[in-house]
Amino acid sequence: MSQNQKQAEKKQAEKTPVKYQHQSVETKWLDKWEQEGLFQDTFGDFGGNNYKMKAGKKKKKKAEKKKAAEKKKGKGAVKPEDKMYLLFAFAYPSGSGLHVGHVESKTALDIMARYNRMNGKDVFFPVGWDAFGLPAENYAVKTGVHPEETTKNAINTFRRQIKRVGISYDWANEIATSHPDYYQWTQWLFIQLFQNGLAYKDIGMVNWCPSCKTVLANEQVVEGLCERCDSEVMQKKLEQWYFKITDYKDELIEGLDEVDWPEATKRQQKNWIGRSEGANVDFEVVDSQSANQGGKDKNDNLKLTCFTTRTDTIFGVSFLVISPEKFKEFELEKYLAKDKFDEVEKYIKQAFKKTEEERQIGEKDKTGVNTGLKVINPVNGEEAPLFIADYVLGGVGTGVVMGVPAHDERDWAFAKKHNLSIKPVIKPQFRELKDNECFTDYGVMINSGDYTGRLSLEGREELVEDFSHVIAKTTTYKLRDWLISRQRYWGAPIPIIYDPDGSPHAIKDEDLPWALPHDVDFKPTGESPLKSSQKLIKRTHKYVVENFADLIAEHKKDGWAQDGSDWEPEFDTMDTFVDSSWYYLRYLHSRNKDAFSQEDRLNNWMPVDFYLIGPEHIVLHLLYSRFFTKFLRDQGYIDLENGEPFAKMRHQGMILGPDHKKMSKSKGNVINPDKIVKKYGADTLRVYEMFIGPLEADKPWDDRAVQGVFRFLHKMYGLVQDLADYYQTNEGEEVKTAAKLEQKLHQTIRKVGKDIPQLKFNTAIACMMEFSNEWRSWLVHDQAGEEEKNHPGLSLADAKKLVKILAPFAPFMAEEMWNQLGEKFSVHQQTWPEFDADLAQEEQAIIPVQVNGKLRGELILPAEVAADRDSEIEILTQAKELQSVQKWIKDKEIKKEIFVPGKIVSLVV
RNA sequence: GCCUCGGUGGCGGAACUGGCAGACGCGCGAGACUUAAAAUCUCGUUCUCUUACGAGAGUGUGGGUUCGAUUCCCGCCCGAGGCACCA
């Protein structure tokens, strides 16, 4: 090491013992932001108006124009291209507080919010709580603490923690689903659905969790177990409220083409809706006319309808299978021969003993019984035996399946087991069928009468046309209506009361909220806890007298009590997914007393521009939210043609423990964000979480790598502080940024500005790290040769640019730097710096030279020359003259010479 | 079984549209500073062979296309997630 270098190093070492006191600096700015109401009250509903840019003339003009537009259209009006609605999935305020995973997604959105604000967008970045739900209620059961209390405390903790990491949420518009001002509108939404026939009551088999003592939606049953507590789910008959989401099934599929979501997510939604297109085919049951009272004609035979997607295989039907449930439903036992009766009944009994679950994932053994009954194939009149088997599910399709063993694996297995004939009717288009082959693909029809030789896809269309009296095109869906009743306390009460006949009546809009009563015993008994509330009952009777006097009087003759005492309220509460599937609309006018939101804002601000949610919400939450939005559009509340609430959506990955496993208390690998904030500061926590990897990937926590980010931020701070000192001491002095640093700075501005919208925060940070490395390296090494000693490297103006691009990532430190550079509050209200493409341009290009595909040398050329096709001959000549290349090409004939401008030279010998 | 995503150094991860694989960070090694340690700073760090110069191999695996493949195509292996007797 040279003497010069040593000295420079020493000097640097002496200069850098700056201590950045993250605790005091961060809390100082936190208080200031709070005081100034920075980024609060986006719509000015609360008297503040801080969201506007406080920037240059251009912006002012823009702001004035906007104001004029607002006068016309009402407050909150924005041009679609100027608005940016950023949304993070509602958090459930759990008792254990903020998780590092929350910090990751919130920080990512916060960076986008700050970046977009600096680029002149009107950003709306709200926050709220999915506050109803089981954990608080379970805790109440255990400890007796009222869920309201628990929830309030948890929210306070979360709020404090989130503010501490500097997330620039609009807290003025904060909402919580458990607040009457919010659930009033959840109830209103229920009533809207009810009045439009989309909320209805029905008796049905429901999934029942014996441990949580509540009903679960299909979506909440995971492999036969309760999503929350892992107990085995049972089937139970109950009368429940449903939302008719199936009315929107097709639109819920088609709308997916209009949104920018991950393909995998779209596919999952489609799978869940499960549309399958096919046909219903009628098979007559031979000699079943006796049951059709008085019917003598053969045409009066009972018909069994099969659903199939493969009409083209219909000539290959060698048996028909009916599910045990449908067998009973059609009362087919009436036609059984005596010798078959016992066998069949026994089988059905056994089948009913099995739960749906056993039948599905249990042994795929194709059990079944031949009923002895025959059916007639409608296309060729052939007779086929009717079997009863539990691999056919009563609830899927029509519960009757045509058995085509030659072209379906399950039918094949069944036919083999029960010795049934197998008749191939489709062959592959470009080869012959092998012996014993079960060919399940489309192909060419064979052994199919007049249709032999047709392609599957054509033949099946023709069949449907030719046999329209027995074959009808049909589409089936897996999606069922959404069961929303819950026998729990901590949720929004269903705003319904029942008259003595049991007919439901909605609470009037003006009487909402229909409050959740307090005097309730939470202990789960299998009955709804609200049944224990005397106040609710009394309130109901009073309400009836006040609002249904006419109806009561009318029914006096029917013996209705005139004091309303024979009316009952609905005791169930709503699934919490109801609360959390419309909150993004409420945000837009969070305190509106007269409506669930506000029309102008809905029209101006919807759809959400960017939604970040965990992958666990892919099916349920998105499906329900889309359903609600489409419904409200149909009711004329939102002018959103495709009814899609979330234009762009991505999923954040999980932050795993240091052991690469999912964080959990039991594994003891949970990282507490509070501790990291205390030790390293919120900026370090933020930047670290953004740096470890792509937002969408799962990535493990690495304690030591946090240090690296900590070092980077402190290095940056030291550099900026030295620079600030320099300009303070040499006041008024103009220093030009060193050429090398200027180029790098502009490259960095370009890179960071490009990466943020693409969510590539990790590479943006890496680039800023590179800049800090280069800056310091310049100070230590390169400056030594310069005449001017103590050159800070950057001009004051350029240093400010650097601070600005750091601001979204490390908002506290950037604010402090901004202050140190003598600028006025706040760096977060500045405009994003522009880069100069010429300055960012590399002067020299390194062109690698390959011989036979291997790197053998490189040419260093002026960038313009390297990128110019006209310099091909010259560059190729130079390349061939390189010593390292000569070694490989001399005495050899060059067969091919390739020059790709700006990229590479490739020689083949 | 089907669908989706992924597999790159000791680790987390970079790599534009087919053009120098391994940016950045961690870790590790050497050094500076220090009585010492920590902190900080400098240099090095894909692997193998070589004192060195250099050479060879290398992005799960086997092929293919190409002057050139982490990137495109075909087959296989492994991992994660989803769906699943869906007719």
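Letters A, B, ... mirror the listed sequences (proteins, then strands); counts begin at 1.
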Decide, yes or no, whether a salt bridge links [X] with [Y] under the criterion of side-chain N to carboxylate O below 4.0 Å.
X      : Y      : result
A:R275 : A:E277 : yes
A:K751 : A:E770 : no
A:D408 : A:R410 : yes
A:K880 : A:E897 : yes

Can you check whether [X] has a side-chain N or O nearer than 4.0 Å to OP1 or OP2 of [N]?
X      : N     : value
A:K266 : B:U4  : no
A:R704 : B:G25 : no
A:R711 : B:C26 : yes
A:N852 : B:C67 : no
A:R410 : B:C86 : yes
A:T763 : B:A23 : no
A:N271 : B:U4  : no
A:K903 : B:C67 : no

Out of [options], whichever nucleotide has its closest atom nearest the side chain of [X]:
X      : options             : value
A:V396 : B:G82, B:C86, B:C67 : B:C86
A:R856 : B:G13, B:C24, B:G56 : B:G56
A:D702 : B:C26, B:A14, B:A87 : B:C26
A:R267 : B:A14, B:G19, B:C3  : B:C3
A:K699 : B:C83, B:G12, B:A55 : B:G12
A:A264 : B:C86, B:C20, B:U4  : B:U4
A:H660 : B:A87, B:C26, B:C11 : B:C11
A:R776 : B:U42, B:G19, B:C86 : B:U42
A:W888 : B:G12, B:A87, B:A55 : B:A55
A:P848 : B:C83, B:C20, B:A87 : B:C20

Query raised in the report: Does A:F771 have A:K744 sitting over its ring (NZ/CZ under 6.0 Å from centre, angle to axis within 45°)?
Result: no
For the pair made of [atom1] in [X] and [atom2] in [N], what is the distance, rounded to whole Å?
X      : N     : atom1 : atom2 : value
A:E696 : B:G6  : CD    : C1'   : 13 Å
A:K760 : B:C24 : NZ    : P     : 16 Å
A:E409 : B:C2  : CD    : P     : 10 Å
A:Y688 : B:G13 : OH    : C1'   : 11 Å
A:D698 : B:G79 : CG    : C1'   : 12 Å
A:Y680 : B:A39 : OH    : P     : 10 Å
A:E858 : B:C20 : CD    : P     : 12 Å
A:N773 : B:A23 : CG    : C1'   : 11 Å

Applying a 4.0 Å non-hydrogen cut-off, can you work out what [X] is touching in the nucleic acid: base, sugar-phosphate, or nothing?
X      : value
A:Q850 : base
A:D408 : nothing
A:I618 : nothing
A:K478 : base
A:A705 : sugar-phosphate
A:K887 : sugar-phosphate
A:K895 : nothing
A:I898 : base

Report summary line: Judged by nearest nucleotide, the residue sitting upstream toward the 5' end of RNA chain B, A:G399 or A:P694, is A:P694
Report summary line: When A:F710 and A:S906 are each assigned the nearest nucleotide of RNA chain B, the 5'-most assignment goes to A:F710
**Report entry** Minimal non-hydrogen separation, A:A415 against A:P405, with atom names
**Finding:** CB-CB, 3.5 Å
Requested in this report: Identify the heavy atoms of A:P901 and A:A867 that sit nearest to each other, and give their distance.
Outcome: CB-O, 3.4 Å
Under 3.5 Å on both distances, the Watson-Crick or G-U partner of [N]:
N     : value
B:A52 : none
B:U40 : B:A32
B:G10 : B:C26
B:C83 : B:G1
B:U71 : none
B:A57 : B:U46

If we take the [atom1] atom in both [N] and [M], what is their distance in whole Å?
N     : M     : atom1 : value
B:G6  : B:G60 : C1'   : 11 Å
B:C2  : B:G25 : P     : 44 Å
B:G44 : B:G63 : C1'   : 39 Å
B:C49 : B:G81 : P     : 39 Å
B:U59 : B:C47 : P     : 16 Å
B:A38 : B:C28 : P     : 11 Å
B:A21 : B:A57 : C1'   : 13 Å
B:G58 : B:G10 : P     : 16 Å

Query raised in the report: Strictly under 6.0 Å, is that where the ring centroids of A:F761 and A:F691 end up?
Result: no
Report summary line: Relative to its sugar, using the 90° cut-off around 0, the base of B:G9 is syn
Query - Donor-acceptor pair between A:T474 and A:N280 side chains, under 3.5 angstrom - result: yes
Report summary line: Only residue of A:I426, A:D312, A:I422, A:T440 satisfying side-chain contact (heavy atoms from CB on, under 4.5 Å) with A:H407 is A:I426
